Structure formats: C-alpha cells, structure tokens
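One structure is given here, and the rest of the page talks about it.
Everything numeric in this text was worked out from a predicted model, so none of it was measured.
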Amino acid sequence: MRILLVDNNTKHIEDIKKLCPKYEVIVKRWNEITSREYEDFDLIVLSGGTGMAIENHEQDLATEMELIRRSDKPIIGVCLGFELICHVYGSKMEKEDVREKGIIEIDVLLPDPVFVGREKLRVYMAHKWHVKDVGPELTILASSHKGIDAVKHKTRPMYGFQFHPEILEEANNGAEVFNKCLDILTS
C-alpha cells in the first residue's frame, strides 16, 4: 500500500509518517506534485501547512485543489488539507484574529466508524482559519465552539480533519481517529 503524503510546509512531516508505519509513504512537497501525480498511489494525505493559508496562495495550491477534485483515490486532509477539501467543495471559512493552539474538545455530531464510538474527542488544534459551513457534497462529522472540525465527502472516500493527529500528546485522540480512518480507507 503506497501513500502520497503532500507536504504543505508542515513542521511535522516525520510525525505524520509515523502514523502510517505499515505503509510505504512517499513525501512530495506541495509545489512538486503534478495533476496526475496521485495515480501511482493507493491513498493521499494532505498535510497541514505552517505559514500557509488558502488566502493569498490559491494559485500556488491550484494543483493540489485539482487533485482533490479529480482523484478517485481515498484522501485524508489534515488542517490545511482539511481547509483545501472544504474550499474545493464550496465551504465558508473565516479567519480569526488569534491563532487557536492546543488541546480542545470537539463534539461528534454524526456517528462514523472513524470515531470508534466516541461522542467527544480531545484533539490538538493549531490554526487561524475555521470552517463555518460546508458545501452540499460534504457531511459535517464533528465541531467545536469555533466551527467545523471533521468532514466526510458524501460519495467519495474522503475525510478532512481540522485537528493535528500527528501531535502525539497524551490527551490527543487525533492519532486514534487518523489510524481508524486509514484502516477504513485502505480496507
């Protein structure tokens, strides 16, 4: 099983790779992928992006957004990857004045196997953008006091998580959710 891990300038690329120990993970930087790059892979993970936002980088991220639109491969989006999925499918996003950072509690709104029966999760957040509403192709799975934190595409094998599963703090349930998502999308 081969995973394409798109590095959107994250500081935690090695930590994301550690979440995928039983897979062959190939890392490509966001500006090195081509629109057909994904064809040789079984799954795609879109990382978070330190210092990157869709705002002012839409042209830079155009290839990645095209990959989201066209790929028939399963996709998991983390932080900026989540925001890209939401943006591609017409979601409404808002920028906050203060960056949210640290462990917060999110509420599971719609039961899904990725949440392994939990109704609440503690996850690590580090971002300035919040998704406030999603387009018609996405289903909201979880949210917090700030906005939407997990989505699933209604017809395609695609999940997005605003939180960072790769930050391995004891209180972070994100790695458990990410690993369950990998299991679901690769079985």
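K154 places a side-chain N or O within donor-acceptor distance of the main-chain N or O of P136, the cut-off being under 3.5 Å. N173 places a side-chain N or O within donor-acceptor distance of the main-chain N or O of R122, the cut-off being under 3.5 Å.
A salt bridge links D183 with K22; the closest basic N to acidic carboxylate O contact falls under 4.0 Å. A salt bridge links E66 to R70: one of the charged nitrogens lies within less than 4.0 Å of a carboxylate oxygen.
Here the closest non-hydrogen pair linking C79 and G48 is CB-CA, 3.9 Å. Closest non-hydrogen pair, G174 versus P165, comes out as O-CB, 3.2 Å. Residues I75 and S71 come closest through the heavy atom pair CD1-CB, 4.2 Å. Scanning both residues, L80 and G49, for their nearest heavy atoms gives CB-N, 3.7 Å. The two residues E64 and I33 have their closest heavy-atom pair at CA-CD1, 4.2 Å.
Scanning for salt bridge (Lys or Arg N to Asp or Glu O under 4.0 Å) contacts around E58 gives an empty result, with sequence neighbours left out. Among residues two or more places apart in sequence or in another chain, the side-chain hydrogen bond (donor to acceptor under 3.5 Å, both in side chains) test is passed with K132 by none. In this structure R156 satisfies the salt bridge (Lys or Arg N to Asp or Glu O under 4.0 Å) test with no other residue, sequence neighbours excluded.
Of the residues K146, K128, K101, the one that meets the salt bridge (Lys or Arg N to Asp or Glu O under 4.0 Å) test with E96 is K146.
With values rounded to the nearest 0.5 angstrom, C86 atom SG is found 13.5 Å from K92 atom NZ. Atom CD1 in I44 sits 4.0 Å away from atom CG in L67 (nearest 0.5 Å). Expressed to the nearest 0.5 Å, how far CG of L138 lies from CZ of F82 amounts to 8.5 Å. Here the CD1-CG distance, from I104 to D149, works out to 5.0 Å after rounding to the nearest 0.5 Å. A distance of 7.5 Å separates OH in Y124 from NE2 in H164, rounded to the nearest 0.5 Å. Once rounded to the nearest 0.5 Å, the distance linking OG1 of T10 with CD of E166 reads 5.5 Å.
Within 6.0 Å of atom NZ in K11, 12 or fewer heavy atoms from other residues, nucleotides or ligands are found, so the atom counts as exposed in its surroundings.
If you chain together hydrophobic residues whose side chains sit under 4.5 Å apart, V78 and I167 never meet in one group. Both I184 and L141 belong to a single network of hydrophobic side chains, linked directly or stepwise wherever heavy atoms of I, L, V, M, F, W or Y lie under 4.5 Å apart. Note on M1: it clusters hydrophobically with F178, by side-chain heavy-atom contacts below 4.5 Å among ILVMFWY residues. Cluster annotation: I103 and I106 are assigned to distinct hydrophobic clusters (Ile/Leu/Val/Met/Phe/Trp/Tyr, side-chain heavy-atom contacts under 4.5 Å, transitive). By the criterion of side-chain heavy atoms lying less than 4.5 angstrom apart, applied directly or through intervening Ile, Leu, Val, Met, Phe, Trp or Tyr residues, V108 is grouped together with L110 in one hydrophobic cluster.
Side-chain contact between L46 and I68 is present, with heavy atoms from C-beta onward closer than 4.5 Å. Two residues are said to be in side-chain contact when any heavy atoms from C-beta on lie closer than 4.5 Å; M65 and L84 meet this criterion. The closest side-chain heavy-atom distance from D42 to T186 is not below 4.5 Å. I16 places none of its side-chain heavy atoms less than 4.5 Å from the side chain of V25. At least one side-chain heavy atom of M158 sits under 4.5 Å from a side-chain heavy atom of Y89. For the pair F41 and I3, the minimum side-chain heavy-atom distance is 4.5 Å or more. Residues V6 and N8 are in side-chain contact: their nearest non-hydrogen atoms beyond the backbone lie under 4.5 Å apart. Using a 4.5 Å heavy-atom threshold, the side chains of Q162 and E83 count as touching.
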**Report entry** Residue pair N31, D60: steps toward the side-chain contact (heavy atoms from CB on, under 4.5 Å) verdict
**Finding:** CA-CA 7 Å; N31 58 353; D60 296 330; over 6 Å; no

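Counting only N and O atoms by type, the side chains of D112 and Y159 include a donor and acceptor under 3.5 Å apart.
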